[in-house]
Amino acid sequence: MSEKVTTQISIDLKKHRIRVHKESLRLMGDPKYVQFLVSVDHSMIAVRGVDTDVGDAAAIRISLPQLASDFSIEIYSTSLVNKLAEAFSGFDTNCTYRLTGTVLTEERATVFPISTLQKVEV
């Protein structure tokens, strides 16, 4: 049985930014693109790695300068961050939150239950 690997993402509602750890991307097979999948019914957010930009699902390209950063990549999307805040209660629009998730290596994805939501105190 394989060991559970966990990682985190942060959602900064004030700056409309999502930070994904580079280690998570490495565990997902160093994808060229990522997709954010949201399930309100299951109270989860997932990040899935893909190698091509599929036309029917939005994918965000991971650029080489982003990969050269220290520990995480930053994805800026006002619409995505606002939709997350609308979909799940408990978000304050002036705060940053951290979610802890489980890496699903075979599926090239990481699943973040909303129940792991923690406000980051600055």
Side-chain angles (χ1 to χ4, degrees):
M1 187 166 121
S2 63
E3 181 182 330
K4 250 189 185 178
V5 178
T6 60
T7 189
Q8 296 180 330
I9 60 171
S10 65
I11 302 172
D12 183 339
L13 279 81
K14 188 172 184 179
K15 295 181 181 176
H16 307 288
R17 169 178 64 194
I18 299 174
R19 284 189 173 150
V20 178
H21 290 240
K22 287 194 315 186
E23 179 66 11
S24 301
L25 295 173
R26 188 187 67 71
L27 292 167
M28 288 189 284
D30 293 317
K32 294 180 182 172
Y33 297 86
V34 293
Q35 293 176 314
F36 287 88
L37 309 170
V38 179
S39 173
V40 176
D41 294 340
H42 294 99
S43 295
M44 293 184 170
I45 299 170
V47 178
R48 179 172 65 172
V50 293
D51 288 327
T52 58
D53 183 10
V54 289
D56 61 341
I60 300 166
R61 189 174 195 339
I62 306 299
S63 67
L64 291 177
Q66 286 176 309
L67 290 174
S69 67
D70 291 336
F71 301 107
S72 62
I73 63 162
E74 296 180 345
I75 298 167
Y76 290 87
S77 175
T78 301
S79 62
L80 176 59
V81 170
N82 287 343
K83 286 183 183 198
L84 290 173
E86 290 171 16
F88 302 107
S89 61
F91 284 104
D92 179 343
T93 57
N94 289 318
C95 295
T96 299
Y97 294 89
R98 184 174 296 126
L99 290 160
T100 302
T102 304
V103 178
L104 307 173
T105 308
E106 301 268 329
E107 289 83 6
R108 297 185 74 190
T110 304
V111 178
F112 300 93
I114 295 300
S115 61
T116 66
L117 187 72
Q118 294 180 328
K119 190 175 185 177
V120 176
E121 300 296 331
V122 184

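For the numbers below, each heavy atom of this structure counts, side chains included, while hydrogens, waters and symmetry mates do not.
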Can you tell me how far the [atom1] atom of [X] sits from the [atom2] atom of [Y], to the nearest 0.5 Å?
X	Y	atom1	atom2	answer
F36	I75	CZ	CD1	4.0 Å
I11	C95	CD1	SG	12.5 Å
L27	T7	CG	OG1	7.5 Å
K14	D92	NZ	CG	10.0 Å
H42	I114	NE2	CD1	13.5 Å
F112	Q8	CZ	CD	8.5 Å

To check you understand the geometry: which heavy-atom pair defines the closest contact between [X] and [Y], and what is its length?
X	Y	answer
P113	G101	CD-CA, 4.4 Å
V81	I18	CG2-CG1, 4.0 Å
P31	G49	CB-CA, 3.5 Å

Exercise for review: In plain terms, say whether R26 and E23 are close enough for a salt bridge, that is, a side-chain N and a carboxylate O under 4.0 Å apart.
Suggested key: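 Yes, this pair counts.
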ILVMFWY network linking [X] to [Y], side-chain heavy atoms under 4.5 angstrom:
X	Y	result
M44	L99	no
L13	V47	yes
L80	I45	yes
V40	L117	yes

Point to revise | Set of residues satisfying side chain to side chain contact (heavy atoms under 4.5 Å, CB included) with respect to T78, sequence neighbours excluded | key: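 Once residues adjacent in sequence are excluded, the partners of T78 under the side chain to side chain contact (heavy atoms under 4.5 Å, CB included) criterion are H16, N82.
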Exercise for review: Kindly check if the number of other-residue, nucleotide or ligand heavy atoms within 6.0 Å of CZ (R17) is above 12?
Suggested key: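 Yes.
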Point to revise | Side-chain heavy atoms of T110 within contact of I9, under 4.5 Å | key: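 No, too far: nothing below the 4.5 Å cut-off.
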Review point. Can you find a heavy atom in the side chain of V38 that is under 4.5 Å from one in the side chain of K83?
Key: no
**Study point:** Criterion side chain to side chain contact (heavy atoms under 4.5 Å, CB included) on T105 and V5, from CA distance to verdict
**Key:** CA-CA 9 Å; T105 308; V5 178; 5.8 Å; no
Check your understanding: Any donor-acceptor pair under 3.5 Å linking the side chain of Y76 with the backbone of K15?
Key ->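 Absent.
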Review point. R108 side chain to M28 main-chain N or O, any donor-acceptor pair under 3.5 Å?
Key: yes
Point to revise | side-chain contact (heavy atoms from CB on, under 4.5 Å) partner of V34, chosen from L25, V50, V20 | key: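 For V34, the side-chain contact (heavy atoms from CB on, under 4.5 Å) check succeeds only for L25.
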Review point. Just checking, is any N or O donor in the side chain of Y33 or Q35 under 3.5 Å from an acceptor N or O on the other one?
Key: no
